[in-house]
Amino acid sequence: MQSLLLECAVRAALIAAATAAVLAALRVKSAAGRHVAWLGVVVWMLILPAWTAWVPKASWRILPAARPAAIRTEPISATWLPASPDMPVSGPMSGRFVWSWWTVLLAVYALGGGVLLSRLSIGAARAHALMRGARRQEGRWTSCACVSPVTVGWLRPRVILPEGWREWPAAQLAAVLAHENEHARRRDPLMQFLALLNRAIFWFHPLAWWLERRLSGLAEEACDAAALAGGHDPYDYSRYLLEMARAVERSGMRIDVLGMAMPGSSLPRRIRRILSARPRPPVSRARTVCAAGACLLLSGAFAAGALVRRNPPVRVHAPVAAAVREEAPAPLPPPAPQAQKERLVVLYLDLGVLSAGDQVRAVAAARTFVSTQMQAADRVAIMMSDGGAVQVLQDFTAARDLLLQALSQVPLGYAAQQDPDRLMDGLRDVVNMLAPLKEKKAVMYFARSMPPGTESPQSLIDAAVAANVAFFPVDIGGQDPLVPEFEVASVKPATTGGYPRGVSIPDPDRVRGTNASLSQLIQFAYQERDFQIAGPEWIDSLRYDVDAKSPAAASQNQLREMLQALLAERFGLKAHRETRDLRLYEMTVAKGVPKMPEAKDGRAPDQILQQHRHFMLGTTGALANTLSHYPGMELPVVDRTGLIAEYCFPFDLEPGQDMVSFAYERFGLKLTAKKAPTEILVIDHAEKTPIGN
């Protein structure tokens, strides 16, 4: 919502600037001509939100690639600290409402817009009541509710005179009718309504307020010019305007209906212009057409063009549940022979039509292509779809590490749609995105064989040929899954309380959870911190016993990946990542180099062993994780030191010493409380009762 309003505000400012430049360049001086031009800006502002949201924009060839960086966390490698019982989870849960500056600004915007829309509704209602209460006398509409002539009504405007109009001289009545009838002919009440509606929607934009005042003043000037062109004396006409203004002032009434009153706005400036006897020259037809065409062309360009480089879609995924084994899957059929010039290759993963196992196979096949078959002249992009719009995970690049990193962030585990009608849509979107690019292009599409009922790909092939895109479907049906599974696993609600609680790896082929909450299981499986898990409250309160054994000894990463699959299977776990502003301690190096000694060969120096009773070995990321759970720490700690070595951290606190000062004095590390964007894992769905055993 906020991004749409900001984009519309910027576009509106550019359209207004272009309109002002056209009016100045073509020397359009008449009030009627300028009124039409600025009215066009108001109309553009009103349609910009819908135009920006739904109408396709002209875009450049660069694809979005930037993604928010995740906070790196590392597990504690070894610790001699005493075990701490369960600590309260600090961090927002998805079931609670989270305030942010954007939420406050959105509430302020809604309040301001609501007030102005209410005033607009009241003015429209009073105008309607004035029209209904007016009486027809001697061919004129008359009402005791107004003390000055006013024109109300949108499609069929009506001129309403005060009850004393019969006492006016004939010249004054003729001048008043000339002015108000011009308002009716121009449908100025409707134009006024559009300007006020625009001001209510874009009340935060100074341009909206300026346009409302400018259109009101230009409408009055145009009607004044029409009345003077009818032969009325400027001095008498000015006197009539002053008499109308005095009548309104004496009555103490305000003309707050939605209509155009003869006294109008900027009365002193209008009278000076009337008495100057220098009417603005009319605009020729040719100049009018040129001005209208130029304003329309420039306004359309600013409305349809992309003002900034497109940002990537928000990364919504659970961490990858796949890692490529040393045994690579069967080699993929190579694309077209290597050309002499640069070739653009898109690796497209349509996860919306793949089962969980096939999703893993598809990612592994894409990794194999990047690692072994990507050629020097290739520039590769990663695109995917989970059943919705196509997302660009990585722009065209020759850097294999960036491509492999993008593939490691592909969301896996969501149920496939298996929708034959949707199967070809994503590929068409990819082809359409590539069509403007002039280089040789190829799309590698990882999927199984087409299911029965799928439409013929002939239309897709025709589109690919027209866009000069080579299309290479890769059938992954025969590939073996790359992620091993537990040979046997037991997941059931815990029957005994107390301690110990948590998740451990007692043997190289086993993962065990004892009185573990689902939050603890997720933290272990996805290597996340407790404050980076957001979900319903029960994921911290309900306890489970888990005992899972793999067919053979496995690495910790493989055991974590197998646990991810087990949680998805038994709890129906689904999650995605998003970035939220959280209050936390940011840990940085205070001055120069850190004070703690490095660990040598995975052990503490002899001096540390002799002098300190409690210490831990690990990285600064592991230290941040430990400090987050230390008694008395109100906020989680995030490592921003940039250090990668393993250190020895002695923990001999003096009585009453807080951890912030201790970390500064003992380790040379500074803990700064602040609010910072933090990537968290949001639990979308999980069952309280696990299935199967």
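These numbers come from the heavy atoms of this one structure, side chains and all, not from hydrogens, waters or symmetry mates.
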remark   = To the nearest 0.5 Å, atom CG of Leu197 lies from atom CG of Leu117 at 6.5 Å

remark   = What one should report as the nearest heavy-atom pair of Ala171 and Tyr240 is CB-OH, 3.5 Å

inquiry  = Once rounded to the nearest 0.5 Å, what's the spacing between atom CG of Asp233 and atom CZ of Arg239?
reply    = 9.0 Å

task = Determine whether Val108 and Phe204 make a side-chain contact, defined as any pair of heavy atoms from C-beta on separated by less than 4.5 Å.
result = no

key: Atom pair CZ/OH of Phe202 and Tyr109 - distance to nearest 0.5 Å   = 6.5 Å

key: Expected output: side-chain Lys574 to main-chain Ile683 donor-acceptor under 3.5 Å   = no

request  = Report the C-alpha distance between Leu393 and Met383 in whole Å, list the side-chain angles of each, state the deciding distance to 0.1 Å, and finish with yes or no for side chain to side chain contact (heavy atoms under 4.5 Å, CB included).
outcome  = CA-CA 6 Å; Leu393 299 183; Met383 299 186 188; over 6 Å; no

For Gly113 against Trp203, the heavy-atom pair lying closest together = N-NE1, 3.1 Å

task = Given side chain to side chain contact (heavy atoms under 4.5 Å, CB included), test Leu344 with Leu434 step by step and report yes or no.
result = CA-CA 9 Å; Leu344 304 181; Leu434 297 177; 5.7 Å; no

task = State, with a plain yes or no, whether a side-chain heavy atom of His576 is found less than 4.5 Å away from one of Asp684.
result = yes

key: Main-chain N/O of Leu194 paired with Asn198 side-chain donor or acceptor, under 3.5 Å   = no

request  = Check whether any side-chain heavy atom of Met384 sits under 4.5 Å from a side-chain heavy atom of Asp350, and report yes or no.
outcome  = no

task = Find out whether Gln192 and Leu215 are in side-chain contact, i.e. whether some heavy atom of one side chain is under 4.5 Å from a heavy atom of the other.
result = no

ask   = Is the backbone N or O of Val28 less than 3.5 Å from a side-chain atom of Ser30, with the two atoms forming a donor-acceptor pair by type?
value = no

task = Using a strict 4.0 Å threshold on nitrogen-to-oxygen distance, state whether Arg580 and Glu679 make a salt bridge.
result = no

inquiry  = Let me confirm one number: the SG-CD1 distance from Cys144 to Ile160, rounded to the nearest 0.5 Å.
reply    = 11.0 Å

request  = State which residues pass side-chain contact (heavy atoms from CB on, under 4.5 Å) with Val36; sequence neighbours excluded, sorted by chain then number.
outcome  = none

task = I would like to know whether Glu182 and Asp224 meet side chain to side chain contact (heavy atoms under 4.5 Å, CB included); could you show each step before the answer?
result = CA-CA 9 Å; Glu182 183 66 11; Asp224 291 340; over 6 Å; no

request  = With the side chain counted from C-beta on, respond yes when Tyr348 and Ile382 share a heavy-atom pair under 4.5 Å apart, and no when they do not.
outcome  = no

ask   = Step by step, would you call Glu586 with Thr672 a side chain to side chain donor-acceptor pair (under 3.5 Å)?
value = CA-CA 5 Å; Glu586 189 175 70; Thr672 305; 5.8 Å; no

note = Heavy-atom nearest pair, Ser148 first then Pro162, reads C-CD, 4.0 Å

request  = Taking atom CZ of Arg132 as the centre, report whether more than 12 heavy atoms of other residues, nucleotides or ligands fall under 6.0 Å from it.
outcome  = no

ask   = Should we count NE2 of His685 as having more than 12 external heavy atoms under 6.0 Å?
value = yes

query = So, does Asp188 use its side chain to make a donor-acceptor pair with the main chain of Met191 at under 3.5 Å?
reply = no

key: ring-ring contact (aromatic ring centres under 6.0 Å, His included) partners for Trp141, two or more places apart   = none

task = Using only heavy-atom distances, determine whether the side chains of Trp165 and Thr142 contain a donor-acceptor pair under 3.5 Å.
result = yes

ask   = CG/Leu161 to OG/Ser143 distance, rounded to the nearest 0.5 angstrom?
value = 10.5 Å

key: Nearest heavy-atom neighbours spanning Leu130 and Ala145   = CD1-CB, 3.8 Å

query = Can you check whether Arg185 reaches Asn181 side chain to side chain, under 4.5 Å on heavy atoms?
reply = no

query = Using 4.0 Å as the upper bound for N to carboxylate O, is an ion pair formed by Arg214 and Glu212?
reply = no

Check ion pair Glu243-Arg246 (N to O, under 4.0 angstrom) = no

task = Compare every heavy atom of Lys441 with every heavy atom of Ala435, then report the nearest pair and how far apart it is.
result = O-NZ, 3.7 Å

request  = Check the pair Glu163, Arg135 against salt bridge (Lys or Arg N to Asp or Glu O under 4.0 Å), reporting the backbone distance first and the verdict last.
outcome  = CA-CA 10 Å; Glu163 286 189 333; Arg135 303 186 309 276; 3.1 Å; yes

ask   = Mind checking whether Met45 and Arg11 have side chains closer than 4.5 Å, heavy atoms only?
value = no

task = First locate atom CG of Leu106, then atom CG of Leu111, and finally report the distance between them rounded to the nearest 0.5 Å.
result = 11.5 Å

inquiry  = Using the rule given for side chain to side chain contact (heavy atoms under 4.5 Å, CB included), can you reason through Leu635 versus Phe531, listing the C-alpha separation, both sets of side-chain angles and the distance that settles it, and then say yes or no?
reply    = CA-CA 9 Å; Leu635 300 174; Phe531 71 93; over 6 Å; no

Check: Val152 and Pro189 side chains under 4.5 Å, non-hydrogen atoms = no

query = Going by distance alone, is a donor N or O of one side chain under 3.5 Å from an acceptor N or O of the other, for His179 and Glu220?
reply = yes

ask   = Any idea which heavy atoms bring His183 and Ala219 closest together, and the distance?
value = CE1-O, 3.9 Å

request  = May I ask you to decide if Pro157's main-chain N or O and Arg187's side chain share a donor-acceptor pair within less than 3.5 Å?
outcome  = no

